[in-house]
2 protein chains.
Amino acid sequence: MERASERLLTPGEVASLFRVDPKTVTRWAASGRISSIRTPGGHRRFRESEVRALLLGEPSESAT
Amino acid sequence: MERASERLLTPGEVASLFRVDPKTVTRWAASGRISSIRTPGGHRRFRESEVRALLLGEPSESAT
DNA sequence: TGTCATTAGGGTAATTTGGGAC
DNA sequence: ACTGTCCAAATTACCCTAATGA
């Protein structure tokens, strides 16, 4: 279910977090790599929880 | 305390810092010598703090 | 109302990935 | 054992103008 108070992030904020260009974040959304919500005007917004989960990624591979 | 935004570096930037080929940085990441974060597109990003620490040298091994 | 930063959209160059080999 | 370079493909960065957001 959805959380009414889920914080949304702008493409620029997500881009800063990943150290990529805002356009790249837009491309991720267009490719379905990340879900996005659109404002009535067409701008994208991203769920902070999902972005953070993506940032965590997979734990570093252990050096055996 | 949360680290909402850790500054990240690209493979090319890390390579320049160490004066090695980007491919070598990739090998370090693949072998677990340095931790990395992946963009949804698969590109690697490195924590600046970790890179700086590595650049300073490891105290426990510098005098072996 | 108007201003100004950000975003969308399209196109092209640069970077990064992955593997294998020397 | 470690690094640099070859390849092809994918991802990302930067250019522009117009629209949206605050």
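Chain naming here is simple, since letters A, B, ... match the order of the sequence lines and numbering starts at 1 in each.
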side-chain N/O [X] vs [N] OP1/OP2, d < 4.0 Å:
X      : N       : value
T10(B) : dT12(D) : no
R44(B) : dT17(C) : yes
T39(A) : dT20(D) : no
W28(B) : dT3(D)  : yes

query = Got a sec? Which of residues 18-25 of chain B come in under 4.0 Å of DNA chain D, heavy atoms?
reply = V20(B), D21(B), K23(B), T24(B)
Could you list the residues that satisfy salt bridge (Lys or Arg N to Asp or Glu O under 4.0 Å) with [X], not counting sequence neighbours?
X      : value
E48(A) : R7(A), R52(A)
R33(A) : none
R27(A) : none

message = Looking at every heavy atom in both A29(B) and S36(B), which two are closest together, and how far apart are they?
response = CB-OG, 4.0 Å
key: Out of dA8(C), dT12(D), dT7(C), whichever nucleotide has its closest atom nearest the side chain of H43(B)   = dT12(D)
ask   = Which nucleotide in the set dT17(C), dT7(C), dG21(D) lies at the smallest distance from any side-chain heavy atom of P11(A)?
value = dT7(C)
Gap between atoms [atom1] and [atom2], on [X] and [N] respectively (whole Å):
X      : N       : atom1 : atom2 : answer
E13(A) : dA5(C)  : CD    : P     : 17 Å
F46(A) : dT6(C)  : CZ    : P     : 16 Å
L9(B)  : dT15(C) : CG    : C1'   : 15 Å
I37(A) : dT7(C)  : CD1   : P     : 16 Å
I34(A) : dT12(D) : CD1   : P     : 12 Å
L8(A)  : dT7(C)  : CG    : C1'   : 16 Å

request  = Tell me, yes or no, whether the heavy-atom count around R19(B) atom CZ, taken from other residues, nucleotides or ligands under 6.0 Å, exceeds 12.
outcome  = no
Could you tell me which residues satisfy side-chain hydrogen bond (donor to acceptor under 3.5 Å, both in side chains) with [X], sequence neighbours excluded, listed by chain and number?
X      : answer
E50(B) : S35(B)
R45(A) : none
S49(B) : E6(B)

ask   = If an axis is fit to five pairs at each end of the helix from dT3(C)-dA22(D) to dG18(C)-dC7(D), what is the angle between the two, to the nearest 10°?
value = 50°
ask   = Does any pair with a residue in residues 28-52 of chain B pass ring pair (Phe, Tyr, Trp, His ring centres under 6.0 Å), and if so which ones, sequence neighbours excluded?
value = F18(B)-W28(B)
key: Donor-acceptor pair under 3.5 Å, R27(A) side chain vs dT7(C) base   = no
